[in-house]
Amino acid sequence: MADGTELTFDQRMEIMRSITLGSETYGEGIAYEQATRFYLEHLVDECAERIRMDCPGLPSRVDLLISVTGFSPRPTIVVCKVLQPRRLVVIPSENARGSVNDIARHVIGPTGLQQADFVQRRCTPTDPLSIYHVVKDELELLAREDERAVSYIDITGGRKVMSATAALAAWQLDLGLCYLDGEWDPVLRQAVPGRDRLLLLDNPTSLFGEQEMNAADHAFDGGAYEAARNRFDELAVRLARPIEARFWGALSRLYQAWCDLDLVSLPDAIDGVRRTLSPMQRQLPASAATRLAAQLEFLEQLVNRDPRALLLSFNLLDDHYRKVGRHDFAALFSYRTIERCLVGRLAAQNPTFDPKAPSYDLLTNDVPALRQAYRSVCDAVDGPKPGRALPRNLGVFAAAALLQAQGDAVTDPAELATATDLQELRKLAEARNQSVLAHGEESVSPKISADLNRKALRVLRAYWQLTYPGEDLDGIRAELAFLSAEDSGK
């Protein structure tokens with residue numbers, strides 16, 4: 001009979017069909033075995049080349065191919081010729097001895113694998129751990145040679161339970177997964193040669209990303225915005241539906257810039273959220289979308305150095321850092337909130353008043369009387385001190401003492417109207433000043449952080465009521481508080 005030499009692909013296909021039908025013979029064995037032999041000797045290389053040409057995203061390098069093999073050697077041989085791995089590990093099902101021999105004959109040779117790079121590993125087909133350990137052992141062996149090695153598992157052949165457990169192993173170990181698909185021919189009792197296609201399946205955790213999205217969500221909710229952004233950005237490249245990952249990556253970047261008060265990076269971060277928000281509108285609850293719109297408008301004011309936005313940011317970041325357990329940062333923002341409110345009340349008396357180099361004649365026509373009132377306030381706090389002068393620069397305590405000396409309306413609602421109030425404020429300020437983020441070497445305790453936070457909020461409410469009458473501060477703070485994954489309806 002014809003041996004397939006110098007025939008077209010279609011002519012060789014007809015010979016294979018004739019062999020299957022018994023019209024021609026090709027060596028020993030039943031018709032199916034003869035037809036398979038003819039295919040492997042005269043068709044498989046061209047079939048593999050066709051698949052390579054038509055397979056988008058084919059990896060340029062595969063270091064290890066693990067193939068589940070059954071009665072037919074064809075799938076393993078085809079996939080091996082397509083992926084051209086440096087090493088092939090075959091996991092055969094029962095009674096697959098002949099298939100393994102055929103695989104070896106057709107993948108080992110001058111243009112294929114070396115003998116040492118072809119391995120057969122047996123396992124218990126119905127035991128998922130058995131296949132898992134085979135795969136894991138091979139990966140560890142390869143990793144010792146190259147940590148960046150690319151590995152795939154082919155689940156085309158073998159018993160269904162073996163393919164299922166091999167897929168589970170691939171998903172658990174984060175490997176590439178492939179499957180040889182084709183059009184079944186009932187006469188040939190196998191896929192039609194030349195119409196095969198290799199499906200490269202992403203790991204489901206990569207394709208749908210639920211577990212990795214959950215991990216990124218946890219990082220986001222924990223305030224680790226840089227880590228969350230990196231996770232979301234990686235997922236946005238790999239996911240089948242990257243819309244959500246892109247949005248949360250952009251929001252992570254925005255919140256990180258806000259936490260750092262990075263006013264240089266904020267404009268680009270704001271634009272990034274706006275670009276990714278539109279495709280997410282249907283997925284976000286209306287309440288979350290409303291809050292986010294308010295935040296974007298607020299952050300644009302912050303970029304423009306709006307004093308009101310900066311003060312609110314101090315307070316919001318105080319809440320945020322305390323919530324995630326970063327009490328030194330929280331204390332820093334508590335202090336800045338109190339300081340900005342108190343100094344703001346003094347500056348409101350005269351816009352040209354500079355708290356860093358104060359000229360007290362800008363606040364009063366009777367500086368000696370102010371000096372005496374200030375002395376009386378401070379003497380009540382820590383005892384008389386001869387020669388006490390007006391402060392040369394205004395910190396939290398000095399500003400509060402000056403406001404009390406003036407009888408300013410903020411002192412009573414802010415609980416800064418008595419000597420005891422000022423003593424408490426001084427203790428809190430000193431605790432903050434001993435922080436590693438200020439002038440000391442101590443860590444701020446959760447209790448001190450909470451006390452500072454409460455004091456800062458009380459001062460802010462008093463200041464806000466006088467400066468922005470009629471505005472609902474608590475409502476504004478709630479609207480501007482950082483979103484969490486839970487707020488988004490996840």
I'd like to know if the side chain of S67 reaches the main chain of T69, judged simply by a donor and an acceptor atom lying under 3.5 Å from each other, with no hydrogens or angles considered.
no
State whether the number of non-hydrogen atoms from other residues, nucleotides or ligands found under 6.0 Å of R388 atom CZ is greater than 12.
yes
What pairs meet the ring-ring contact (aromatic ring centres under 6.0 Å, His included) rule with one or both residues in residues 132-157, with sequence neighbours excluded?
none
Is there a side-chain contact between V62 and R86, using heavy atoms and a 4.5 Å cut-off?
no
Criterion salt bridge (charged side-chain N to carboxylate O under 4.0 Å, His left out) on K323 and D221, from CA distance to verdict:
CA-CA 10 Å; K323 179 181 177 182; D221 286 349; over 6 Å; no
With side-chain contact (heavy atoms from CB on, under 4.5 Å) as the criterion, how do L292 and L277 come out once you've worked through the C-alpha distance, each side chain's angles and the decisive distance to 0.1 Å?
CA-CA 9 Å; L292 188 55; L277 177 59; 3.7 Å; yes
Show, in sequence, the C-alpha distance, side-chain angles and deciding distance for V410 and Q465, and conclude whether the side-chain contact (heavy atoms from CB on, under 4.5 Å) test is met.
CA-CA 9 Å; V410 78; Q465 185 178 11; over 6 Å; no
Does R426 count as lying over the ring of F397, i.e. NZ or CZ under 6.0 Å from the six-ring centre, within 45 degrees of the axis?
yes
So, taking the atom named CD1 in I66 and the one named CG in L177, what distance separates them when rounded to the nearest 0.5 Å?
11.0 Å
For the pair Q423 (side chain) and V381 (backbone), establish whether a donor and an acceptor sit closer than 3.5 Å, ignoring hydrogens and angles.
yes
Report the C-alpha distance between L346 and Q406 in whole Å, list the side-chain angles of each, state the deciding distance to 0.1 Å, and finish with yes or no for side-chain contact (heavy atoms from CB on, under 4.5 Å).
CA-CA 10 Å; L346 291 169; Q406 290 181 310; 3.5 Å; yes
Which atom pair, heavy atoms only, marks the closest approach of A236 to P242?
O-CB, 3.2 Å
Which of N453, D318, D451, D319 passes side-chain hydrogen bond (donor to acceptor under 3.5 Å, both in side chains) with S334? Answer is D318
Determine, stepwise, if the pair L317 / L261 fulfils side-chain contact (heavy atoms from CB on, under 4.5 Å).
CA-CA 9 Å; L317 293 177; L261 288 179; 3.9 Å; yes
Sequence-distant partners of E138, side chain to side chain donor-acceptor pair (under 3.5 Å), two or more places apart
R87, R121
Has the side chain of K455 got a donor or acceptor atom that lies under 3.5 Å from a matching backbone atom of E424?
no
With no hydrogens and no angle check, is any side-chain donor or acceptor of T290 less than 3.5 Å from a backbone partner on A286?
yes
A cation-pi test, strictly: NZ or CZ of R371 under 6.0 Å from the centre of the six-membered ring of Y374 and no more than 45 degrees from its axis. Yes or no?
no
Are I243 and M280 side-chain neighbours, meaning at least one heavy-atom pair lies under 4.5 Å?
yes
Heavy-atom count around Q301 CD within 6.0 Å, excluding the residue itself: above 12?
yes
Not counting sequence neighbours, which residues clear side chain to side chain donor-acceptor pair (under 3.5 Å) with E471? List them please.
R308, W464
Donor-acceptor pair, T276 side chain versus G272 backbone, under 3.5 Å?
yes
Is it true that, when you exclude N365 itself, more than 12 heavy atoms of the residues, nucleotides or ligands shown sit nearer than 6.0 Å to its CG?
no
State, with a plain yes or no, whether a side-chain heavy atom of D262 is found less than 4.5 Å away from one of Q256.
no
Could you list the residues that satisfy salt bridge (charged side-chain N to carboxylate O under 4.0 Å, His left out) with D328, not counting sequence neighbours?
none
In plain terms, say whether E183 and R195 are close enough for a salt bridge, that is, a side-chain N and a carboxylate O under 4.0 Å apart.
yes
Would you please indicate yes or no on a ring centroid separation below 6.0 angstrom for Y225 and W258?
no
Using 0.5 Å steps for rounding, measure from the CZ atom of F353 to the CG atom of L362.
7.5 Å
Within the 3.5 Å criterion, strictly below it, is a donor on E226 or Y255 matched to an acceptor on the partner's side chain?
no
For L235, which of E244, R246, M213 qualifies under side chain to side chain contact (heavy atoms under 4.5 Å, CB included)?
M213
Indicate whether any N or O donor in one side chain lies under 3.5 Å from an N or O acceptor in the other, for D408 and T411.
no
Tell me whether the rings of Y468 and Y463 are parallel (<30°), tilted (30 to 60°) or perpendicular (>60°).
perpendicular
Pairs involving residues 352-363, ordered by first then second residue, that meet salt bridge (charged side-chain N to carboxylate O under 4.0 Å, His left out) (sequence neighbours left out)
none
Give a yes or no answer on whether the side chain of D196 reaches the backbone of G182 with a donor-acceptor pair at less than 3.5 Å.
no
Would you please name every residue forming a side chain to side chain donor-acceptor pair (under 3.5 Å) with N350, sequence neighbours left out?
T352
Assess the side chains of N230 and E234: does a donor N or O sit below 3.5 Å from an acceptor N or O?
no
Do the side-chain N and O atoms of T337 and N315 include a donor-acceptor pair separated by under 3.5 angstrom?
no
Sub-3.5 Å donor-acceptor pair from the side chain of R291 to the main-chain atoms of A481, do we have one?
yes
With heavy-atom distances below 4.5 Å as the criterion, would you say the side chains of L425 and L416 are in contact?
yes
Do the side chain of D421 and the main chain of A417 share a donor and acceptor less than 3.5 angstrom apart?
yes
Does the distance from a Lys or Arg side-chain N to an Asp or Glu carboxylate O, for D233 and R231, drop under 4.0 Å?
no
Check whether any side-chain heavy atom of V367 sits under 4.5 Å from a side-chain heavy atom of T364, and report yes or no.
yes
Any chance the side chains of Q434 and E441 put a donor and an acceptor closer than 3.5 Å?
no
Steps toward side-chain hydrogen bond (donor to acceptor under 3.5 Å, both in side chains) verdict (E479, Q295):
CA-CA 8 Å; E479 189 173 51; Q295 289 178 0; over 6 Å; no
